[in-house]
**Student:** 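Before we start, here is the structure in question, set down as structure tokens.
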Amino acid sequence: MNKKHSPVLAGILSTFIPGLGQFYAGLRYRGVAVLLGMLFTSGIVAWYGKPIWYLAPVLIWLWNIWDAICAARQGRTFSVLLPILFGFVAMFGIGLAVVGVDFSKADINRAIAIMRPMFHPDFIQKRAESNQAWVEVMVPCLPGRSVSGINEENGKKVTITPTCADIGEALTITASGFWPNTDANLWWEDPSGSVKMIGPGEAAMLVAHTDGSGTLTASFKVPTTATIAVPDVTQSPPHRVYLEQTRLLGGFELSYVGGRVLQGALQTIGMALMATALAILLAIPVSFLAARNLMSGNPFTYAIYFIVRTLLNILRSIEPLIIAIVFVVIVGLGPFAGVLALAVHSVAALAKLYSEVIEGIDPGPIEAIRATGANWVQVVRYAVIPQIVPPFTAFTIYRWDINVRSATIIGFVGGGGIGFLLIELIRINNFRGVGALFITIAVIVMLLDYFSAKIRERLV
Amino acid sequence: MLKIENLTKVYPNGTVALKNVSFEVPDGEFLVVIGLSGSGKSTLLRCINRLIEPTEGKVYWDKTDITAASPTELLHIRQHIGMVFQQFNLVRRSSVMTNVLSGRLGYANPWLSLLNIWPEEEKRRAMQALERVGIPDKAYSRADTLSGGQQQRVGIARALMQEPKFILADEPVASLDPVLSHSILQYLEQLNKEGITVICSLHFLDLVHRYATRVVGLKDGLKVFEGTATEIDRAKFKEIYGEEAQEVRATTV
Ligand SMILES: Nc1ncnc2c1ncn2[C@@H]1O[C@H](COP(=O)(O)OP(=O)(O)OP(=O)(O)O)[C@@H](O)[C@H]1O
Ligand SMILES: [Mg+2]
């Protein structure tokens, strides 16, 4: 500032070598930074070779000349916002090119087909009871193998004529003893247990209505896809035709998928609990080894401290998801792999937090309790435990909270629980189930957030 | 009678905190230790009950050699030495009652005390101690909800629970305002009149004049003065506190 610098010279210098003008004006670090920034930006732009991006280094270069002039004239400079902005634009461009944002594969119809069922989550259903009966029929007609064509049970009677038929041939079914004036669904089940539709076009359920006395009659054809046992047709067991009426009882109940979602959620919470419990057991002793104030006494213990700390840091930096993949390979698919992965990660995380609590212990009360003539167990009980238990508990609850979230994700790679169920539901295209699952996860996370925050508030 | 002979303390980092300090404290005295910050007052007091191990020298209590006591004997000796601290050193998260009762740990059944179970008699004793220092209504508050003056009274009540033969007080009023300082020191004075020997480090000379029956002055770990408070004239004052020192009064606020 006391020396006079020529703005013109500074400008010229920076024109040829970016940053040199600033360097000349006495702002050495700035000069070096500008040069490095310029080289870096030009480098990455050249690497990716998209011509339009050359704008970024050019703009930085222009700014650099102007900046050098200002620096020389006033001995001080203005914000670096502008070049940072240019650099940012260049970086974003590169990111875009690498990721390859491509909307051409997106299909709006597919998106709607997935989203719509998710807004009707399959969690609860109306409570209903059903009334079912069946009758056997032979396909095809074979000499020496026949069925009665009549089935009676619980006051219901179903008759089918004829008692045998070939594929595509007509059958008539008569049933009595059902609930009156109610729809009944009819379907076909072949000997392998697979269900066939016998409604219009074999694509819908056949529906028949009972009359006032609970009787119905319906005609249909043997479905074309009814499997006839091969290789020996003569040994084919009978096929079945089912009738079923359902009626609402009022109120709601958990649906089948809803039940599985809840079960998965409980399993996930259980996984997190077990992992946290395992982690506490290991983290407490380890945390003492990782506490600087306890271990810095002599070089040997300090070495232990250093090694333990380093190991914990390495362990903590590995995503539990990746640890889970390793454990899935070792112990196989299922919640146990997830529990182990979470436990390993949590030991590292908790031991670090615990050791920081131990490092933060106030020595005053310890001194005071020692002065009363208390033995060392009493000192630990009265001066150490009251200082560490509340923060330990708070950190542990916090960890459990994190573990529940992680356990959800870990299920994805076969670690069991709600995440595993999610993958399964997506695979079978059950998006109503997926919707129910999302709601459950959201509720769990929100509840956990709320309560763990409340409890921690109390403790700290 | 407490007798300190050639006490020397060298910290592991090489700091010599006490050099050959010797003096005697007859029973019933209110001995005040003065000296600049870093002169070794805290170290001296802690060497007496061996919260800090002296490097050399002896501390005798009547016929007992505290410095030679085995770990178990040391616990028995500490039982009878109350200690009060500048930072109060209460267990902040525990109740006042628990803090006061913890003064009784040396006497208590070790197993029950670990469960924080105390006989009714001890609880009554703790209430009495709290009544003596004027805060029986705070018995079940958390210690860290109390004001500084109240916390120091809890500290005194904790020392009282030990039925001490003498009390070590390390700058008991340095964290308190002047008015509170007097009220706390008056409790100590009261105890002293009841026959408990008090060894107390203090910063303010007017407090020294008011409470001390005898004074020991430390400078850089050396004993540079021993006598009554009235014997501290200008020259002695400069010797203890250094040339630039000005006398500050606790009550000139
Ligand atoms: N644990 C320790 N390790 C090393 N040096 C220490 C330790 N504790 C105290 N010292 C040093 O010993 C000397 C005496 O300290 P001490 O705390 O006894 O002084 P003090 O008179 O009580 O001071 P203050 O009035 O500040 O409390 C100081 O130089 C201090 O730095
Ligand atoms: Mg001190």
Side-chain angles (χ1 to χ4, degrees), chain A residues 284 287 291-305 353-398 454-460, chain B residues 12 42 45-46 48-52 71-95 98-116 142-144 151 154-155 158-164 167-170:
Chain A
I284 288 178
S287 65
R292 181 193 289 269
N293 55 344
L294 300 183
M295 302 297 286
S296 60
N298 67 58
F300 177 68
T301 54
Y302 192 77
I304 294 179
Y305 157 83
L353 293 174
Y354 288 174
S355 67
E356 270 157 22
V357 171
I358 294 170
E359 283 171 5
I361 286 181
D362 177 5
I366 297 177
E367 187 176 43
I369 301 293
R370 279 177 66 208
T372 65
N375 62 36
W376 75 266
V377 193
Q378 291 172 321
V379 172
V380 170
R381 166 65 183 82
Y382 280 84
V384 180
I385 300 231
Q387 289 196 62
I388 62 175
V389 164
F392 269 33
T393 318
F395 282 133
T396 309
I397 291 172
Y398 172 62
K454 268 273 139 65
I455 297 174
R456 276 183 282 141
E457 230 168 70
R458 276 282 162 78
L459 288 172
V460 181
Chain B
S42 301
L45 294 188
R46 281 169 177 70
I48 294 175
N49 62 359
R50 275 176 60 192
L51 283 180
I52 292 176
T72 351
E73 284 166 356
L74 183 61
L75 295 188
H76 285 296
I77 293 166
R78 280 184 187 158
Q79 266 180 40
H80 302 285
I81 307 178
M83 194 153 187
V84 180
F85 303 84
Q86 175 181 351
Q87 299 300 338
F88 323 132
N89 288 359
L90 302 184
V91 181
R92 302 168 54 81
R93 288 180 207 272
S94 299
S95 70
T98 303
N99 270 288
V100 174
L101 282 168
S102 68
R104 201 72 185 162
L105 281 171
Y107 295 84
N109 175 323
W111 299 109
L112 287 182
S113 75
L114 289 186
L115 300 171
N116 203 6
R142 246 176 74 149
D144 56 3
Q151 290 193 32
V154 177
R158 177 172 63 190
L160 278 178
M161 286 298 279
Q162 293 177 244
E163 299 179 284
I167 288 184
L168 303 171
D170 186 13

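Naming: A, B, ... by sequence-line order, numbering from 1 per chain.
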**Student:** Can you tell me which portion of Q162(B) sits under 4.5 Å from chain A's heavy atoms? Options are side chain, backbone, both or neither.
**Tutor:** side chain
**Student:** At under 4.5 Å between heavy atoms, what parts of residues 354-366 of chain A are in contact with chain B? List them by residue number.
**Tutor:** G364(A), P365(A)
**Student:** Compare all side-chain heavy atoms of Q387(A) with those of S94(B) and state whether any distance is below 4.5 angstrom.
**Tutor:** no
**Student:** Please list, chain by chain and in numerical order, all residues satisfying side chain to side chain donor-acceptor pair (under 3.5 Å) with E73(B), sequence neighbours excluded.
**Tutor:** none
**Student:** Would you mind checking which part of S102(B) comes under 4.5 Å of any heavy atom in chain A, side chain (CB onward), backbone (N, CA, C, O), both or neither?
**Tutor:** both
**Student:** Could you list which of residues 105-112 of chain B have a heavy atom closer than 4.5 Å to any heavy atom of chain A, in residue-number order?
**Tutor:** L105(B), G106(B), P110(B)
**Student:** Show every side chain to side chain donor-acceptor pair (under 3.5 Å) that has at least one partner inside residues 371-380 of chain A, sequence neighbours left out.
**Tutor:** Q378(A)-S113(B)
**Student:** Could you look at R50(B) and say if it's the side chain, the backbone, both or neither that has a heavy atom under 4.5 Å from chain A?
**Tutor:** backbone
**Student:** Counting only heavy atoms closer than 4.5 Å, note whether N116(B) contacts chain A via side chain, backbone, both or neither.
**Tutor:** both
**Student:** Which residue out of A374(A), A383(A), A371(A) racks up the most heavy-atom pairs below 4.5 Å with chain B?
**Tutor:** A371(A)
**Student:** Tell me, side chain or backbone of L90(B) under 4.5 Å from chain A's heavy atoms, or both, or neither?
**Tutor:** backbone
**Student:** Distance from I369(A) atom CD1 to R78(B) atom CZ, nearest 0.5 Å?
**Tutor:** 12.0 Å
**Student:** Please report the closest heavy-atom contact between Y382(A) and T98(B), naming both atoms and the distance.
**Tutor:** CE2-CG2, 3.9 Å
**Student:** At a heavy-atom separation under 4.5 Å, does L114(B) approach chain A through its side chain, its backbone, both, or neither?
**Tutor:** both
**Student:** My understanding is that only one of M83(B), Q87(B), R46(B) makes a side-chain contact (heavy atoms from CB on, under 4.5 Å) with E367(A); could you say which?
**Tutor:** R46(B)
**Student:** Grab the two heavy atoms, one from R93(B) and one from P386(A), that are nearest each other, plus how far apart they are.
**Tutor:** CD-O, 3.1 Å
**Student:** Pick from P12(B), G155(B), G103(B): which one has the most heavy-atom pairs with chain A under 4.5 Å?
**Tutor:** G103(B)
